[in-house]
Amino acid sequence: MPYTLPSPPRSEEELMLRVRKLAGKTFAQLAADIDKEVPSDQRNAKGWLGQLVEAYLGATAGSRSVPDFESIGVELKTIPIDATGKPTESTFVCVTPMGEKAGVPWEDSPVYRKLKRVLWLPVQANVPMPERRIATGFLWTPNDEENRLLKADWDDLMGMVLTGRVDEISGHQGEVLQIRPKAANAAAETWGIGVDGGKVRTLPRGFYLRPAFTRAILHEHLMVRS
DNA sequence: ATCTGATCATAC
DNA sequence: GTATGATCAGAT
């Protein structure tokens, strides 16, 4: 029986019913279910996996700046994990604000809002796309400690952005949250803040969660090895 | 083996 | 260019 693409979930419970149906499936199976083709070269289809899962679960946000499941305020994050359950990649959160929004307090920050309620969906990494399996997804809200760590990094990093030192930021900074390039290529430019407080052209960047942080989240919620 | 900086696709 | 979805690949 073919799977019909669902309307947006009306509750977290409804969403998690769909998530449970995904557990254990391969992307070959999932793609066949909803009549899509697995791309032959994932170097040219980096976002395909996430977009397929969005369609399957009834996400509607597209490229708009709203949660994937807008009506229930849930953000979907697929996360690649190796055979031991460790994330193999960092997790993109949002673009680093460098305009008027750069100075907002943590509770009003795009990082805080994005991570307020997340559906984590681990996906097997390091195997060909058709064979990659989806694991058990779970809902997450940062606990007090996680929130404290995130806020500390936000404050530190945005302090540099606000004082015109964005070009001095490297991916080494930040305990759980880092700032790295997020652009079509290294020649891309956006407006940032200069040392004199004026506007300067600079490379667009984004906030990413370090793998060690997401690994801890997975271990809190799932039974995984090492 | 891990991490940072760079990159790919698509919609608007 | 900005937003969404991420992974690639060279450096360490």
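Quick note on labels: first sequence line is chain A, next is B, and so on, each numbered from 1.
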Checklist entry - Roughly, in whole Å, what's the span from CG in Leu49(A) to C1' in dC8(C)? => result 15 Å

Checklist entry - Any idea which of dG5(C), dT2(B), dG5(B) is nearest the Lys46(A) side chain? => result dG5(C)

Checklist entry - From the list dT7(C), dA3(C), dT2(C), which nucleotide is the closest neighbour of the side chain of Pro80(A)? => result dT7(C)

Checklist entry - Reckon Lys114(A) touches a base, only the sugar-phosphate, or nothing at all at heavy-atom distances under 4.0 Å? => result sugar-phosphate

Checklist entry - Think Lys151(A) forms a cation-pi with Tyr112(A), using NZ or CZ under 6.0 Å from the six-ring centre and within 45 degrees of its axis? => result no

Next on the checklist: Heavy atoms from C-beta onward define the side chain here; which of dG5(C), dG1(C), dG5(B) lies closest to that of Asp68(A)?
Outcome noted: dG5(C)

Next on the checklist: Within the 4.0 Å heavy-atom criterion, would you say Ser170(A) contacts the bases, only the backbone, or no part of the nucleic acid?
Outcome noted: sugar-phosphate

Checklist entry - Checking all strands, does Arg180(A) fall into the base, sugar-phosphate, or nothing category for heavy-atom contacts under 4.0 angstrom? => result base

Checklist entry - Is a side-chain donor-acceptor pair under 3.5 Å present for Arg205(A) with Thr190(A)? => result no

Next on the checklist: Nearest whole Å is fine: how far is dA6(C) P from Met129(A) CE?
Outcome noted: 11 Å

Checklist entry - Could you state the CD-P distance from Gln124(A) to dT7(C), rounded to the nearest angstrom? => result 13 Å

Next on the checklist: Under 4.0 Å, counting only non-hydrogen atoms across every strand here, what does Glu75(A) touch: a base, just sugar-phosphate, or nothing?
Outcome noted: sugar-phosphate

Checklist entry - Closest nucleotide of DNA chain C for Tyr208(A) versus for Arg201(A): which of these residues is on the 5' side? => result Arg201(A)

Checklist entry - Hey, does Gly171(A) reach any base, or is it just sugar-phosphate, or nothing, if we go heavy atoms under 4.0 Å? => result sugar-phosphate

Checklist entry - Quick one: are Tyr56(A) and Asp33(A) in side-chain contact, heavy atoms under 4.5 Å? => result yes

Item to check | Pro211(A) side chain, from C-beta outward: closest of dC3(B), dG5(B), dC8(B) | outcome: dC3(B)

Next on the checklist: Please classify the nucleic acid contact of Ala183(A) as base, sugar-phosphate, or nothing, using heavy-atom distances under 4.0 Å.
Outcome noted: base

Item to check | Parallel, tilted or perpendicular: ring planes of Trp48(A) versus Phe27(A), cut at 30 and 60 degrees | outcome: tilted

Next on the checklist: Using whole Å, what does the distance between atom C1' of nucleotide dG5(C) and atom CD of Glu54(A) come to?
Outcome noted: 6 Å

Checklist entry - Considering only heavy atoms and no angle criterion, is a donor-acceptor pair shorter than 3.5 Å present between the side chain of Lys182(A) and the base of dG5(B)? => result no

Checklist outcome for this item: By nearest-heavy-atom nucleotide on DNA chain B, the more 5' of Gln178(A) and Ala184(A) is Gln178(A)

Checklist entry - Looking only at side chains, do Trp140(A) and Glu220(A) share a donor and an acceptor under 3.5 Å apart? => result no

Checklist entry - Would Thr88(A) and Asp82(A) count as having a side-chain donor-acceptor pair, cut-off 3.5 Å? => result no

Checklist entry - In whole Å, what is the span from the CZ atom of Phe92(A) to the P atom of dT7(B)? => result 17 Å

Next on the checklist: Base, sugar-phosphate or nothing for Thr88(A)? Non-hydrogen atoms, less than 4.0 Å.
Outcome noted: nothing

Item to check | Side-chain donor-acceptor pair present, Arg117(A), Thr141(A), cut-off under 3.5 Å | outcome: yes

Item to check | Under 4.0 angstrom between Gln51(A) side-chain N/O and dT4(C) OP1 or OP2 | outcome: no

Checklist entry - Of the nucleotides dT2(C), dC8(B), dC8(C), which has the atom closest to the Asn44(A) side chain? => result dC8(B)

Item to check | d(CG, Leu203(A); P, dA6(B)) in whole Å | outcome: 7 Å

Next on the checklist: Can you measure Ile179(A) atom CD1 to dG5(B) atom C1' for me and round it to whole angstrom units?
Outcome noted: 14 Å

Next on the checklist: On the nucleotide dA6(C), are OP1 or OP2 found under 4.0 Å from the side-chain N or O atoms that Thr78(A) carries?
Outcome noted: yes

Checklist outcome for this item: Regarding the side chain of Pro181(A), the nearest nucleotide among dT2(C), dC3(B), dA6(B) is dA6(B)

Checklist entry - Counting only side-chain N and O atoms of Arg132(A), is one of them less than 4.0 Å from OP1 or OP2 of dT7(C)? => result yes

Checklist entry - Considering heavy-atom distances to DNA chain C, does Leu76(A) or Glu89(A) have its closest nucleotide positioned more toward the 5' end? => result Leu76(A)

Item to check | Nearest-Å distance for atom pair CG/C1', residues Asp82(A) and dA1(B) | outcome: 11 Å

Checklist entry - So which one's nearest nucleotide on DNA chain B is more toward 5', Asn185(A) or Gln173(A)? => result Gln173(A)

